[in-house]
Each structure stands twice: as structure tokens, then as C-alpha cells.
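One structure below.
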4 protein chains.
Amino acid sequence: MLVVMQEGATEPQIQAVIDRLVALGFAIHRSTGVVHTVLGGVGPMESFDPRDFEVMDGVKECHRIMSPYKLASRSFRPAGTVVKVGDVEIGGGKVVVMAGPCSVETPEQISCAAEIVAKAGATVIRGGAFKPRSSPYSFQGLGEEGLRLLRKAADDNGLLVVSEVMDRSQIPLVAEYADILQVGARNMQNFNLLRELGNTRKPILLKRGIAATIEELLLSAEYIMAGGNYDVILCERGIRTFESYTRNTMDISAIPIVKKLSHLPMMADPSHGTGRRDKVLPMARAAVAAGADGLIIEVHHDPDHALSDGAQSLRPEQFTLLMEQLRIIAPAVGRTI
Amino acid sequence: MLVVMQEGATEPQIQAVIDRLVALGFAIHRSTGVVHTVLGGVGPMESFDPRDFEVMDGVKECHRIMSPYKLASRSFRPAGTVVKVGDVEIGGGKVVVMAGPCSVETPEQISCAAEIVAKAGATVIRGGAFKPRSSPYSFQGLGEEGLRLLRKAADDNGLLVVSEVMDRSQIPLVAEYADILQVGARNMQNFNLLRELGNTRKPILLKRGIAATIEELLLSAEYIMAGGNYDVILCERGIRTFESYTRNTMDISAIPIVKKLSHLPMMADPSHGTGRRDKVLPMARAAVAAGADGLIIEVHHDPDHALSDGAQSLRPEQFTLLMEQLRIIAPAVGRTI
Amino acid sequence: MLVVMQEGATEPQIQAVIDRLVALGFAIHRSTGVVHTVLGGVGPMESFDPRDFEVMDGVKECHRIMSPYKLASRSFRPAGTVVKVGDVEIGGGKVVVMAGPCSVETPEQISCAAEIVAKAGATVIRGGAFKPRSSPYSFQGLGEEGLRLLRKAADDNGLLVVSEVMDRSQIPLVAEYADILQVGARNMQNFNLLRELGNTRKPILLKRGIAATIEELLLSAEYIMAGGNYDVILCERGIRTFESYTRNTMDISAIPIVKKLSHLPMMADPSHGTGRRDKVLPMARAAVAAGADGLIIEVHHDPDHALSDGAQSLRPEQFTLLMEQLRIIAPAVGRTI
Amino acid sequence: MLVVMQEGATEPQIQAVIDRLVALGFAIHRSTGVVHTVLGGVGPMESFDPRDFEVMDGVKECHRIMSPYKLASRSFRPAGTVVKVGDVEIGGGKVVVMAGPCSVETPEQISCAAEIVAKAGATVIRGGAFKPRSSPYSFQGLGEEGLRLLRKAADDNGLLVVSEVMDRSQIPLVAEYADILQVGARNMQNFNLLRELGNTRKPILLKRGIAATIEELLLSAEYIMAGGNYDVILCERGIRTFESYTRNTMDISAIPIVKKLSHLPMMADPSHGTGRRDKVLPMARAAVAAGADGLIIEVHHDPDHALSDGAQSLRPEQFTLLMEQLRIIAPAVGRTI
């Protein structure tokens, strides 16, 4: 903890900061410069709010030295984490591709999707059974029936299953059918949900919230890991910016940044990241070129009649083409597809 | 629904859009300009995704004509809604002030807070029993015991109670003690929670998410109203922008915008909106000057020892001063405090 | 300068940072904590780039201690600056209102505008002769003839003149007619222009860029002041955010923040800040309630036929009403209008 | 032009909009729906402000049908533009790499840089002679002497030269030495500069402003093209968002979007786009994978002693490695390096 005092801060102001640091259990080091006094504090923990000091009289600014997350930080496992699910390794030498429709709609639709993505080289099928929709009047998902259909389609095609849990109460049900539990962007800071997921033993795919900083993403991973579940896979899926041509702005730079700050695998979701089918291929290629450990992509056998997110779902032939392009790119980062 | 075709769109491309509109049940009107063809569609409902058309070949852009929310729109109740809770009217001639600590901590603390805010003129006490904290290592609230203490402190001082529900499962418990149920910014798009709140008969204080547009805020209100609960109070509490001096950027303009688009009362939370005690007074004054129907403000008898958000909690004498300033400003907008 | 080393940084990495600090003339203080080593550097100046250290091996983060601006900081003149132009004092007890049309269009238009705003209580008339327009096909201003008309209208009504310089080469011309030279938001970081304005002896109204942090605004003021011109007036006029209902999001909190960090007067421009006439009154009131030293507002006698920015120009009767509302609000912050 | 009236708009309100459209020369088509009346206007030009209509009574929203830019739009040259400078073609089958130091510092430095980048495969050298620096106390460039050194180093190594003009008055000087004139992000909306560049016959490298939408970037290109200079090369270099780990957030999706909306070549600047050396390689790879026509990259033979932007300058061996990686990636998008 470093507290920088303002130019001209008075001795009583400095003393008040010292007293407060001491009360919190910090050992203090004071450094008096020509212009600014700086107080360094070393303590047993850093779960305090730096703003408490920033609003004190005479304080210019305050910096936390230790990261607020520990288990999620790279220094916790410098070699990096490989999450193993069945035969699939996320974070290893192979870029893992998860693909499938936005929502499970019918037995035919999901079975058809599974065939397409398996054939093109995906190893995990995605599909929503519970859909968070911003309008109360939109299709909300098939529920358990959707999960059952998804599982069957996966098994028939030798795929694993990833599906979203929207709520703490849905965990047991989704965990029964899915191999990987997904936390959507809107739930990235649903702390009750995160805490509960820490108690499961299924890998968690945690998507970055549209307004979440990278530090906040890692803090949310920390919530899950603090409960004992270390199999967390992170995922960039677009942040909200002033640019409105695409629904979100996909932050490709988050991929190398997270890889540096954390040992956890980092994937990318170009479908939600752009919201437009015609931008999914370039952004998927960019993500792999930037070092992503995997992709999660929406594919539908007939996107024009999809019940949700058809506009961002690839047609089968586009997905096949993408996989071919990725096979060219992956070696540039020492990977295969 | 308006679909604008690109310059040079071909007749088959135009026809494909028309076919799709017809299949969705729209009656079509075609207008062929010198450069662009525009297709207008009138349908029984507008719960479709405009992006489905935007990604079609030959389409330049697509505009929804009808607002995606209906019950929350101003045209539903042009005269505006006044939410009545006991003797308090939110959305009427009086600016309602809700105040109290971030978290309920001890019996003495909450009772002291209640006395302070009641004496200065607040009519509702706020206080969290369940706290969404971004770090798993921070204080998480007292739970039901906190609610009990809050209720007692309120009753002893003739105040109403507002408190946050973090999760669908907490609704019955919080509803037992609080007069108004608060949905925090992080839960603004927790649709399962919103839907359930539509079935309660307590007023809901719905805070704007830090990355939520005004339209999304109104869509979240629509979720609650669609369930039959029309007593929704909206609240601006800061959005995330590139400016990092304050935690959030409080969007004061959202106040007059929401008042124009919707009939629902619109409040402001300058404590979370700024995150710094020294900015709360100016922003609270600004909110009332801009036409806010109420304020929710963090006040603590001893902010330096608060267990959460002390940095943004007003000291008692600051709150008293603020109330005096607001009494001067309110008449400029035809209100009283 | 504070450099925080990563957990596990090696001794050679630490030494490399020390060597570089020493080479730049810093006196070093090293503090070795349990987890992190922190290096404090005190130097004769701080015009270096902290990123140079942040990308060094083993470095976690780097913080500048001294503000990058000096002349613009509050500590340079703790009592605050009052800019005097004729009888008008900006930054004193009176909130100064500058008003007038976006562009000077005709002799009748500007003379009519001058009468309206003078009568309602404004003391400075605004009006553009050179217009920065985002489309090359839009009206670009009357040039010198516009300045002449503006000056005459001002003189006839006992007003001062503020007008924009778009380019270094326009300074002598605009300075001949105007009392205050305005730098528009798009030019806030036109450093050649700023440097040249440092050599004039006219007060400068410096508007915040739509993507400028408050620190960058103060650095731009520093450019002007470094040349010897200390009469800089700052102005908030909206920043770019994800919310698209208004053209910009007016950052009212910038007003109290700038007043704390700097001694310079801080105004607000609710016309550009919102871009919509119907939001100008609430935001103008909010700015004064938050402590603004002045307002600059677009007023047109017939906005429906204005050649530029008619949509954000007040009608005469709206401006008169606003001035009445402001007279009620100003005393709440110890000011008059 | 499409004007959507509010639900319940009165006949006089509708008539007022029609009258105004007619006065502007629009032919009107009225479509009266069950809920909303929509007015379509076809006119000879669209250089009006849609907000003029949006603030009229009874208006819900207003959409421009025609793009505000014409010469820059894809439909103006559907096959795409290839800018030819000497032997180099930008926008063709080869991804063009421009590289070199941020600033020209000494004869040795720039000559060394030229050798390095030429050997690794770059065809254009970059280097600033006039530097826009946010602090008045930073190194501001060598001026004409820098241009002379840059030209010589280029000629000695068979390279072309790109260098920045900060101001209208610098055009003749920079044009004397450089093959391509660069407009920096801060000047993207310096309309006087853009207009003047329309009169030169040198290609212009136009960088996107940090808060500029893609539409605004294309409008700025239109300014240059309207003057008769069609050789405009666009460049993404990072936008400002809430994420502060990197200086800017590089918007990779802007690459495919611009390629669709415009016929102009689109490059990427991963050095400014990230501000950190360790993120330049991944982002440069991502840009090429997403379809960029070229890259502009900062390379310095000794970044630790660079006078500006050393933190984002690649070391020689990093640049060489990057070129090798790009050679693997380019075929995935049908290009070579």
C-alpha cells in the first residue's frame, strides 16, 4: 500500500494517515521527498478499500501494491493451467473450438448442428437451454428438455457439452447434463452464483462482462477458485464502447493481457463479440493469431430461422471455411487446431 | 420496422427481405427512391431482432419503429406514475430522500444512522444486509439479522426501509422486512430475479447497470411490470466511461431523458455515482436541479470505521448541510424537499 | 516515481530498474517487502514516460508521484484564479453566462441574439465565424465578416465577445475582434495552436475534448500557461460514452473535480454537452448546482432556421426562463447570477 | 430521410414536420401505421442535421437514409482502391509493412533503424520530425533536420517515407521529403488541415481518432477526397474505452468493417493501439489475420534510450520474429507479406 500525500500536506494530515494504516495492521515506512511525502504500508492482507485513504485530507493518491486476486494470478502457477475435460485440454497446445447454436430449439436442429461442428473439427458443442433475453417477450429457452437434447446430440457425435447456468438454483440441473458450466457476461458479477460454482467440480467457462475490466474478470475467477474449483476458463466476448456499428467491441488485446496476468486459459467468443455473422470469421482468426486458447462460436444449420441470435450464427459452410483458415494461422503461435 | 436497402441492391435481394418480413407477419410497404429502396413493415408485434435483417445481402440498415418496451413508456401513462409507500410518494411534488449506511453493521450503528437521517429530513432508510462485493475476501453483510436491525431502527424513527435483494431466493426474506426492494446495478439484467419481482407487491427500486443504456434500463423495468408489478422506481448511479478519476461517471442527463421516455419515477444515487464523499454534495444538488424525483445517499455516523464504502459515505453534518442546500434548489424545479 | 516490482522479481531485474532510474537523475529509495520490492525515485523533473518502466522485466506497475502539470494545479494558486475581462470576472462570486448563436449568420440574426441574451442577463455573446464541421458539405461560417458583425452586436448591447480559433493562423484575426478566444473540443490537443495562444494576452476558453481525461485537459491548459498566458478558463462540454440517446454525455462531476485539482475557472456548455434543446435547461441548472463558474449556451431567435446546431439552440423564452431558474439555484452554492 | 412520429402524435405536429421537409426540398411520402406515422423524404442532398427533426414536437426519431459520405463509400469504387507509391501498392495482394522509430533522433539512430526494417521486409520507413506531445515539457522533434535524415536513411535502404504533418503550415515542408503524409489521431478532425491535404498530390495516411466512430473516420477521408486527392489510406490505432490496462483499446473489428463500408485501404498501428511493446506482436498478428492491408509499427534499435515512445517500440529481433509470424498468417487471408 502506497499513499502519496499532496504537496503541502500538513504534519497532522500525514499523522492521521499513519494512524489509520497502523490501526489496520500495516507496518509503515515513511519517505519524505522535496515535494511529496510517500507512506508505504506492508500488511498481512490487502482487503481494504484504497478510496478510504484517497478521500482523507492531504492525500493525493493511493495505490494498492498487491493484486486483489491471488489464486487467479500468474504467479500462483507460472507454468499455466491446462483444464482437462475428457480428452479435451484447454490451455494446451491445441486451440479448442466449441461451437453450436445459440439456443437448443428442436431435436433435429441440435442433432444437425452437432454433426456439422464435429465434422469440421470442433470438440465441444454449445447450446443454451436457459436464455437471458433483454426483452421479456423473447424466446426464453427449452429448459431441461433442451439440456437432454443437447447431451444426446453431443454423445452421438463424440462431443463434450458446454451450457449456461443463469442462476444458482440451476446449477444441479445443468451440471447433470453439461461437461462445462458457462457463466454469461451479465452474470460475471453475480457473486452468489460464483460462490456456489466454487463448490462444484465441473470446469467453469467464465465470460467477461461487457463493462468489466480485466482485473474484475480475474476477481470473479478468484471467487470461484476461493471455493476450491480451480478449473476456470476465461473468455473475452466484447466490451461496450462508443462505437455502435457492432453490438460490442471485441477486445482482442485482452487475450495476451490475461495470459500474462493469469495462469488460466483464455478463450474468445467472436459471435457475441461482434453480433454480426459477417464479422465472426475475421475476429475468430484475429483471436487465434493473438494467442487465444480456444474459441466459442455460434453455428446454426439455418440461421435465417434461428429462434435467437441468428444474425450472429455462422452458416455450416462458413464454419468449415473458418476451421481451414485457423489451421493455417495456428502454427504462427506454435499451436494446432 | 424500416429496412433501408443499400445503393445498388438487386431485385432478388429486395425480394428476399420482403419474403422474410411477410413470413414474420408484417404488412409491407415498399418505397423506391432514386438511390435507396426502403421497406416499411407493420406487424402485430415487434419482438424480433433487427440484426437478422441487417446481415442480409443488400441491406444497409434496419430500424425498429416501435419501442421494445410498452408498459414502461411514457405513452402508457402520460401523466406519470406516483409510487405510494405508506405516507411517502415517489414521483410527486416532494423530492424523496432515502439515506443510511452502505451496510448494516451493529445495532448502535444503524440506530444512530436512522436518527441522523430522520432528523435531517429523510423519509426512507437504506442499508444492506446482503452485499455484492467484488472481492471474495470482503465483508458480505449480516444477512437476516441485518434486516431485523434495519426494520427496528426505521420503526423507531418513523422511516420506511429500502434494502437490496441479490438473488431470487432472497426475495421472501427481504420482503418481510423492507418496504421497497432494491435491485443493484449488477443485477439490472438478472432476468430471473426481475421476473420474480414482477410477482411481488412491493415497490422495486431498480438501479441502472454501469454499462446499461437507458433503453436497457427501461426494458428491465418492463420485465418487472410484465409480471404485474407496476411500482417500479428507476435510479441513475453512474456509468462506466474512460474517465477514471471517479469510480463511475454519473450521467445526470439520464434523469430528464428517462422522465421524457417513461412515466416511472427516476431517482439518483450520488454515492455510488461518484464513489467519493467529496463529490456527493455537488452531484446530489445537480440531480435535484436536473429534475430527479428522489435521492438515495450513503450516510454513516463514523465513515472512517465503516465496514464497506466508507469513502463514499457522508458524515452526519455533511448530510444536514446537503438537505439545506436542496431546500434552496428544489423550488427552481417546482418541488419541495 | 514509484516502481512496484512483481512478486518474485529477480535481483538483476531490480538492479536494471535502479540503473535506469539513476541514469535519469533520480535519487533512489528501495523498500523490500515480504512480497513486493518497491523503488521510490526522487528527481529534479518528472517529464519521463512511466510506461518505459512498466514494460521492463519484473516490473508490476509504475506510478508518477508528481502531477504532470504544475502551473495549472490548485497548489500553484490555492485561492483560485479570477479571470477579469472588462467588467466581467470569471471564477468570482457571480456565475457568468455567455450566450448566443452557434454561427454568426446575418446582421439581423446576430443583433437580435445580442439583444435577447443581454436583456436576460448574459454578459458575453458567443458566435462562430469559423466552424469546424464534420461534413465537408456543411456551412463553414462567414469568416472575418462574421467577426465584425459579432463585435458590433456585442458593442451595441454592452457585451463582451467570445469566438473560436480553429487554427494557429487565425489567432491574429480573431484576437482583433474577440475578448476571449475559444479553443474547441476537437482542438484541445492541437499543441501548436495551444503553444501559440500562450503568447497572446487574451483569455482563452479551453473546451474539454470528447475523449479527454481531466488530467489531459489540465495538461492542455499547462501548454498555454507555459507560454505565459495564465488566463485560461476551462469548460466541460460532454464526453463520448456508450450511451447514444444524447450526442455526448455531459460529465457534471468534472466540475467539482477540476475545481479541486486546479485553480482555474471551470465552466459548462450544456448545448454541446447534450446536443438537444430539451435537455439544455436541466443540464444548465445541474452545472450551476454542481459549482460551475459559468455557462456557455447556444441561443437563437429562430432555431428552426439556424444554419448550424439549431437542434441544440434555445428559443429566446427558454433562455429567459433558464436565467430565472438559475437565480433561484445559485444561492445554494453561495453565488449569484 | 425517415422521420418516425411518436405514438399519439397530433396532425398539426405531423404537418409541421412535413412543412419543414418540404421547405428543405424533400419530396414526401407519408405512411400512416396503426401506432406510428412514418414520413419518408427524398431530396437532392442530405447535408442537414437529423437532430433538427428529432427535437420537434411529436417526433420519436429520425434516420438519415443516405450515408453522409459518398466518395469514401464502397459503392463509389466497389472493386476497392489500391494506392500506388513508387513500387509499393497499398490495398493489393501484399500486406505492406511500414516501420521505424517514433521520432527521428540522430543520423545514426535513423540509419540503423532503416537498415533493420528494410532487412526484415518493411518497404516504408516511419519517423516523426514534428511530435504532438501531451506535455509541453517533452521532446518535440527535430523539425526539418529530422525529415532530411529520414529521407536519406530511406534512400540508402530503398525505402519509402511516411511522416506526420501536425499543421496546415507544415504541409509543403513535409511533402518535400516524405512519400506519404500522415495525419495523426489528434488531427483526424482538424478540418482545415484535411481540406488543405485535399489539394496535395501525395497519398495521405489518415489515423482514426481515439474517440472517432468509423463513420467519422470516413467523413474525414471524405474531406480530403472532396478536394481531389483520392489516395487516402485509413488506419486503426486504438480507441479510448474504460479498460485502462493498455493506453488504448485496439479495435480490430474496425478493419473488416471499414473494408466493407469503404473502398479505401485500411491499415493498423499496433504500437499506438496498445502502447506496450509486449502487446505489439499479438495485435499485429491479429490485424493481419483480420484482413488489414498493412501495418505501421514502431521499431527502435535501442528502445530503452528512445526519446519518445520507447515503451511501445519493438527491439530489432522482435520485429524480425514478427515478420516471420506474419508470413505464416497472411496466406490464411489470401495475402503475402
Side-chain angles (χ1 to χ4, degrees), chain A residues 20 45-47 49-56 68-69 130-140 166-170 186-195 198 209-213 216 219-220 222-227 239-240 247 275-278 303-304 306 308-312, chain B residues 20 45-47 49-56 68-69 130-140 166-170 186-195 198 209-213 216 219-220 222-227 239-240 247 275-278 303-304 306 308-312:
Chain A
R20 187 158 187 183
M45 57 81 204
E46 295 230 350
S47 86
D49 189 340
R51 292 180 304 148
D52 284 341
F53 290 89
E54 281 176 345
V55 296
M56 291 184 75
Y69 48 86
F130 300 100
K131 300 301 305 173
R133 305 302 299 276
S134 50
S135 164
Y137 310 117
S138 302
F139 175 63
Q140 313 270 336
M166 277 179 66
D167 198 292
R168 199 159 51 146
S169 66
Q170 295 173 344
R186 292 192 185 85
N187 267 327
M188 194 202 84
Q189 294 196 316
N190 183 334
F191 302 120
N192 284 351
L193 174 61
L194 299 179
R195 200 176 294 114
I210 58 167
T213 61
E216 288 167 340
L219 266 170
S220 287
E222 186 87 4
Y223 252 95
I224 300 169
M225 300 175 82
I239 58 173
R240 188 153 268 183
R247 185 180 263 198
R276 293 179 63 108
R277 186 186 307 138
D278 59 345
D304 299 338
S308 60
D309 278 354
Q312 69 191 35
Chain B
R20 187 157 187 184
M45 58 79 206
E46 295 230 349
S47 85
D49 189 339
R51 293 180 304 148
D52 284 340
F53 291 89
E54 282 175 344
V55 296
M56 290 183 76
Y69 49 86
F130 300 101
K131 300 302 304 172
R133 305 302 300 273
S134 50
S135 165
Y137 310 118
S138 300
F139 174 63
Q140 313 267 338
M166 278 179 66
D167 197 291
R168 200 160 51 146
S169 67
Q170 295 173 346
R186 291 191 187 86
N187 268 326
M188 194 202 82
Q189 294 196 315
N190 183 333
F191 302 120
N192 285 351
L193 175 61
L194 299 180
R195 199 176 295 115
I210 60 166
T213 61
E216 288 167 339
L219 266 170
S220 287
E222 187 87 3
Y223 252 97
I224 300 170
M225 298 174 84
I239 58 173
R240 187 153 270 183
R247 182 179 266 198
R276 296 179 59 110
R277 185 187 307 139
D278 58 345
D304 299 338
S308 61
D309 278 353
Q312 68 192 34

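Residue numbers begin at 1 in each chain, while the letters A, B, ... track the order of the sequences. All of these numbers come straight from a predicted model, not from anything done at the bench.
Looking at B:Q189, both its backbone and its side chain come within 4.5 Å of chain A, counting heavy atoms on both sides. Neither the backbone nor the side chain of A:A306 has a heavy atom closer than 4.5 Å to any heavy atom of chain B. Only the side chain of A:N190 comes within less than 4.5 Å of a heavy atom of chain B; its backbone N, CA, C and O stay farther away. Contacts of B:S308 with chain A are absent, with no heavy-atom separation under 4.5 Å from either backbone or side chain. Using a 4.5 Å cut-off between heavy atoms, B:R240 contacts chain A through its side chain alone, with no backbone atom that close. The parts of A:E222 that come within reach of chain B are both its backbone and its side chain, each placing non-hydrogen atoms under 4.5 angstrom from that chain.
Closest approach of A:A311 to B:D52, counting heavy atoms only: N-OD1, 3.2 Å. Taking each heavy atom of A:R51 and B:D309 in turn, the nearest pair found is NH2-OD1, 3.0 Å.
In terms of non-hydrogen atom pairs under 4.5 Å with chain A, the most contact-rich of B:R277, B:M188, B:R168, B:M166 is B:R168. Interface check for chain B: of the options A:L193, A:N187, A:D304, A:D278, the most heavy-atom pairs under 4.5 Å are formed by A:D304. In terms of non-hydrogen atom pairs under 4.5 Å with chain B, the most contact-rich of A:I239, A:N192, A:T213 is A:N192. Note: B:Y223 leads B:Y223, B:F130, B:F53 in heavy-atom pairs under 4.5 Å with chain A.
Using a 4.5 Å heavy-atom cutoff, the side chains of B:V55 and A:Q312 are not in contact.
The structure places CZ of B:F191 at 13.0 Å from CG of A:D167, a figure rounded to the nearest 0.5 Å.
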